[in-house]
Amino acid sequence: MDMVEVSIERRQGQGKGTARKLRRAGGIPAVFYGPKRATVSIAVRAEEFERKLSHLEGSHLIRLVNDGGKDAELHDKAVLLREIQRHPVTGEVLHADFFEVDLTERLTVSVPLRFVGKAVGVVEGGVLQPIVREIELECLPTEIPEFIVDVSHLTIHQAVHLSELRLPERVTAMGEPTQPLVSVLPPTVEEAKPAAEAAEAVPAEGVPAEGAAAAPAEGPAPAEGKGGGEAKGSEGKGRKGGGEA
């Protein structure tokens, strides 16, 4: 993996006001730190950062340089970009952390996986399912590999496991060897189709099923003639009584 070179300078002043002023001038506030040094406030040009670093994935070795070596504490230092803070709306880089590494000491790094090829199982109707997007490796900073995983041989229900990766000689994978990284799942459309057909076969509420006789419509119950007559007579008697009074 090639080392990317980035120019930096020592940053003067602290606080949000100073950081905003630096951003308006086209810079990005950052820090440079490590296990054997105190944290130093630095600045990097936003244009250079976006052009060289913003697209990097995982752990990529970076070389910091300082204006021809005027500041020996900051010049020609090997680092990893540990963290980037971005504006939640605009995506603008607000801050960056650079971690110094010793090129002679092994360290644990995260490396992204890139899956290439069209799996046999996908051609047959299956679905490629990445399970792990990055893996942890132990190696020297100068030997951090890029991982491209060929999935073209995978059939349905097959997977690529951590133990199947071809690692460089002095690189060790961290994790369970049986950990699946990517697999091909069976098609799901055919499984959902019978359920959809069954749903169509169920008649809607209030609609008779095909071939079933329609139920007779319910109407108001007829009034009993005897009961109705008694009510009318009683009503007339009441009126007669009133006339006598």
Side-chain angles (χ1 to χ4, degrees), residues 1-11 28-44 48-69 71-86 93-117 130-151 153-154 159-183:
M1 183 179 292
D2 296 332
M3 189 179 296
V4 179
E5 185 174 295
V6 177
S7 298
I8 63 168
E9 60 184 20
R10 190 179 293 269
R11 175 161 52 99
I28 296 174
V31 292
F32 168 50
Y33 66 102
K36 301 177 182 178
R37 70 166 57 253
T39 301
V40 180
S41 298
I42 61 174
V44 57
E48 184 177 13
F49 188 98
E50 290 289 349
R51 177 165 45 88
K52 295 182 177 181
L53 304 181
S54 62
H55 64 283
L56 297 181
E57 297 180 340
S59 302
H60 202 109
L61 200 58
I62 301 166
R63 177 173 175 259
L64 299 183
V65 294
N66 172 255
D67 194 18
D71 194 330
E73 187 181 8
L74 302 179
H75 183 65
D76 196 19
K77 303 300 180 183
V79 300
L80 296 176
L81 182 56
R82 275 293 171 86
E83 185 178 358
I84 301 176
Q85 297 177 17
R86 292 183 179 272
V93 178
L94 302 178
H95 193 274
D97 292 2
F98 293 97
F99 178 77
E100 185 178 22
V101 296
D102 187 335
L103 298 181
T104 64
E105 292 184 4
R106 294 171 66 88
L107 77 166
T108 300
V109 294
S110 295
V111 177
L113 298 176
R114 292 174 54 199
F115 304 111
V116 298
I131 301 170
V132 175
R133 294 288 185 178
E134 62 181 23
I135 58 175
E136 287 194 339
L137 303 176
E138 184 182 85
C139 60
L140 290 173
T142 55
E143 297 177 346
I144 300 174
E146 293 183 359
F147 260 107
I148 299 177
V149 182
D150 185 7
V151 299
H153 65 285
L154 291 180
V160 176
H161 299 84
L162 184 61
S163 60
E164 299 175 56
L165 293 181
R166 295 181 179 180
L167 301 174
E169 184 178 354
R170 290 180 292 185
V171 176
T172 304
M174 312 298 289
E176 293 294 331
T178 57
Q179 167 69 49
L181 307 178
V182 60
S183 66

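Note: hydrogens, waters and symmetry copies are ignored here, and every other heavy atom, side chains too, is used.
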Heavy-atom pair with the smallest gap, counting every atom of Phe147 and Arg166: CE2-O, 3.9 Å

Pairwise distance CG(Leu167) to CG(Leu165) - rounded to 0.5 angstrom: 6.0 Å

Distance (rounded to the nearest 0.5 Å) between Glu48 CD and Glu5 CD: 8.5 Å

Euclidean distance, His55 NE2 relative to His60 NE2, rounded to 0.5 Å: 7.5 Å

Which atom of Cys139 lies closest to which atom of Val109, heavy atoms considered: SG-CG2, 4.3 Å

Check: Glu164 side chain, His161 main-chain N or O, donor-acceptor pair, under 3.5 Å: yes

Whether over 12 other heavy atoms sit under 6.0 Å from Arg114 CZ: no

pair Val31-His95: side-chain heavy atoms closer than 4.5 Å: yes

Heavy-atom donor-acceptor pair, Arg10 side chain to Glu73 backbone, under 3.5 Å: no

Lys36 and Glu100: CA distance, side-chain angles, deciding distance, salt bridge (charged side-chain N to carboxylate O under 4.0 Å, His left out) verdict: CA-CA 9 Å; Lys36 301 177 182 178; Glu100 185 178 22; over 6 Å; no

Non-hydrogen side-chain atoms of Leu154 and Phe115 separated by less than 4.5 Å: no

Under 3.5 Å: donor-acceptor pair, side chain of Asn66, backbone of Leu74: no

Heavy-atom check, side chain of Val93 versus side chain of Glu50, under 4.5 Å: yes

Side-chain donor/acceptor of Arg82 to backbone N/O of Asp97, under 3.5 Å: no

Pair Phe98-Leu53, side chain to side chain contact (heavy atoms under 4.5 Å, CB included): steps then yes or no: CA-CA 12 Å; Phe98 293 97; Leu53 304 181; 4.0 Å; yes

Polar side-chain atom of Ser59 near backbone of Ser110 as donor-acceptor pair, under 3.5 Å: yes

Minimal non-hydrogen separation, Leu162 against Ala173, with atom names: CD1-CB, 4.0 Å

pair Arg106-Thr172: side-chain heavy atoms closer than 4.5 Å: yes

Spacing of CG belonging to Asp67 relative to CD1 belonging to Ile8, to within rounding of 0.5 Å: 11.0 Å

Heavy-atom side-chain contact between Pro168 and Glu143 under 4.5 Å: no

Heavy-atom pair with the smallest gap, counting every atom of Val111 and Pro145: CG1-O, 3.4 Å

Heavy-atom check, side chain of Val182 versus side chain of Leu113, under 4.5 Å: no

Closest non-hydrogen atom pair, Phe99 against Gly34: CE1-CA, 4.0 Å

Val6 and Val79: CA distance, side-chain angles, deciding distance, side chain to side chain contact (heavy atoms under 4.5 Å, CB included) verdict: CA-CA 10 Å; Val6 177; Val79 300; over 6 Å; no

Check against side chain to side chain contact (heavy atoms under 4.5 Å, CB included), Val44 and Ile42: CA-CA 7 Å; Val44 57; Ile42 61 174; over 6 Å; no

Side-chain heavy atoms of Ile144 within contact of Leu80, under 4.5 Å: yes

Flag side-chain contact, heavy atom, 4.5 Å: Leu61 against Val101: yes

Taking every non-hydrogen atom, the tightest pair across Glu105 and Pro141: O-CD, 3.2 Å

